Number of protein chains: 2
Amino acid sequence: MEILDIVKENQPITSEHIADRINLTRATLRPDLTILTMMGILEARPKVGYYYSGKSLISVMGSFIKNISVMDVKSIPVVVSEDTTVYDAIVTMFLEDTGNIYVQNKGYLSGVVSRKDFIKITLGNHDIKTLPVAMIMTRMPNIVYCEPGESIFDAAVKIIDHQVDSLPVVEKVNDNDGSEKLKVIGKISKTTITKMMVKIGND
Amino acid sequence: MEILDIVKENQPITSEHIADRINLTRATLRPDLTILTMMGILEARPKVGYYYSGKSLISVMGSFIKNISVMDVKSIPVVVSEDTTVYDAIVTMFLEDTGNIYVQNKGYLSGVVSRKDFIKITLGNHDIKTLPVAMIMTRMPNIVYCEPGESIFDAAVKIIDHQVDSLPVVEKVNDNDGSEKLKVIGKISKTTITKMMVKIGND
């Protein structure tokens with residue numbers, strides 16, 4: 001990392017000058033420069049010196065986030081039933097400090113409500129203390145979700161492409177009547193992803 | 001990457017077995033294994049084989065995100081003036097599809113309003129078509145912000161620690177009266193960070 005910082009600030013720079021700044025001999029430095037060049041992080045030009053190329057770092061990072069399963073980072077979802085009133089759902093949203101609430105019918109995912117849904121309904125002339133969330137939620141099949149086999153990268157792509165704040169992590173199960181149902185087992189949100197970035201930096 | 005995948009699934013595994021699976025000779029494979037071991041991504045135990053150790057990847061990634069400036073990824077902020085009504089601010093929030101709106105007084109940052117602020121005020125018995133956002137916004141000095149010199153990692157830490165959805169990127173300027181003011185030049189949100197992760201994976 002020290003070598004990279006030096007090259008970034010002084011490129012092109014010869015191995016001799018890098019060695020000077022780091023108080024080592026060129027011979028001691030050689031294995032590190034070889035590795036950084038072979039990884040493609042540094043570029044060596046004969047008689048000119050070393051250049052920094054971010055490419056390989058990105059490819060290493062890309063591969064890294066594609067290998068983190070949503071199961072390893074998922075958070076606890078906030079779930080209510082379809083007959084919960086809009087008012088009670090709003091109170092739950094504040095108490096749990098969540099952006100999206102998932103709605104269940106007989107234990108299976110049936111809808112999602114967002115802060116935007118709450119703003120829209122409170123603007124209108126509705127009795128939110130009796131209106132059930134089922135009346136304002138986004139319903140299946142319009143819910144974007146992810147499954148245990150997906151990576152945090154897959155989840156991030158869905159969040160951005162569909163412009164949603166979170167995805168329920170679901171397990172597909174067959175109901176008694178043979179139809180496919182979704183059981184909510186977690187949540188991946190923009191907060192999950194931001195927290196992951198903080199954790200990576202702190203580690 | 002192919003070697004890493006093989007080691008992850010079969011560890012501990014000898015170089016001979018890795019070479020078999022990848023259809024190469026041990027000699028051809030040796031430089032790659034040496035690099036991966038020297039980087040600390042693989043661990044080699046004599047007479048046992050290679051193990052996978054995620055450590056160095058994380059340290060490479062951590063260093064990477066600490067080197068991305070907020071200036072390189074910032075998005076365009078949505079800004080209104082203090083006398084904008086709550087109703088108009090809500091309409092702006094929907095039209096621009098943003099979570100936070102920044103409020104300015106004489107061209108300088110004076111407040112932030114969030115979707116939660118809007119839900120709270122629409123629940124109460126207020127005339128939001130005349131009430132100015134200045135009445136409901138979070139004010140300085142309680143606004144968390146970031147400056148051009150900070151990294152996307154610094155911004156992510158502030159977003160998580162202060163439990164906010166976004167940070168204005170500000171430039172500090174001295175007003176005519178000598179007091180320090182904040183000029184909004186951008187925005188870093190959880191969406192910015194999620195988009196960055198998608199970009200890294202796609203690259």
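Here is how names work: the chains are called A, B, and so on, in the same order as the sequence lines, proteins then strands, and each is numbered from 1. On a predicted model such as this, the values are computed, not experimentally measured, just so you know.
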Practice task
For atom NZ of Lys195(B), decide whether the heavy atoms of other residues, nucleotides or ligands shown that lie under 6.0 angstrom number more than 12.
Solution key: no
Practice task
Please examine the side chains of Asp88(B) and Val80(B), heavy atoms only from C-beta on, and report whether any two atoms are closer than 4.5 Å.
Solution key: no
Handout entry: Toward chain A, the part of Asp161(B) with a non-hydrogen atom under 4.5 Å
Key = neither
Completion exercise
For Pro148(B) and Glu171(B), the nearest pair of non-hydrogen atoms, with its separation, is CG-CG, 4.4 Å
Exercise for the section: Return the minimal non-hydrogen interatomic distance between Leu29(B) and Ser15(B), and the atom names on each side. Expected result: CD2-O, 3.9 Å
Fill in the blank from the handout: Taking every heavy atom of Ser81(A) against every heavy atom of Val133(A), the minimum-distance pair comes out as O-CG2, 3.7 Å
Completion exercise
With chain B, the option among Asp5(A), Ile159(A), Asp97(A) that has the most non-hydrogen atom pairs under 4.5 Å is Asp97(A)
Completion exercise
When the 4.5 angstrom heavy-atom criterion is applied to Asp165(A) and chain B, the contacting part is side chain
Handout entry: Proximity of residues 99-118 of chain B to chain A, residues having a non-hydrogen atom under 4.5 angstrom
Key = Arg115(B), Lys116(B), Phe118(B)
Exercise for the section: Could you have a look at Ile119(B), Leu123(B), Ile193(B) and say which one has the most heavy-atom pairs with chain A under 4.5 angstrom? Expected result: Ile119(B)
Exercise for the section: Report the residues that fulfil side-chain contact (heavy atoms from CB on, under 4.5 Å) with Ser189(A), sequence neighbours left out, ordered by chain and then residue number. Expected result: Ser166(A), Lys187(A), Thr191(A), Thr192(A)
Exercise for the section: Work out which heavy atom in Thr194(A) is nearest to a heavy atom in Ala156(B); give both atom names and the distance. Expected result: CG2-CB, 3.9 Å
Practice task
Check whether Ile121(A) gets within reach of chain B through its side chain, its backbone, both or neither, counting any heavy atom under 4.5 Å.
Solution key: neither
Exercise for the section: Answer yes or no: does atom CG of Leu95(B) have more than 12 heavy-atom neighbours from other residues, nucleotides or ligands under 6.0 Å? Expected result: yes
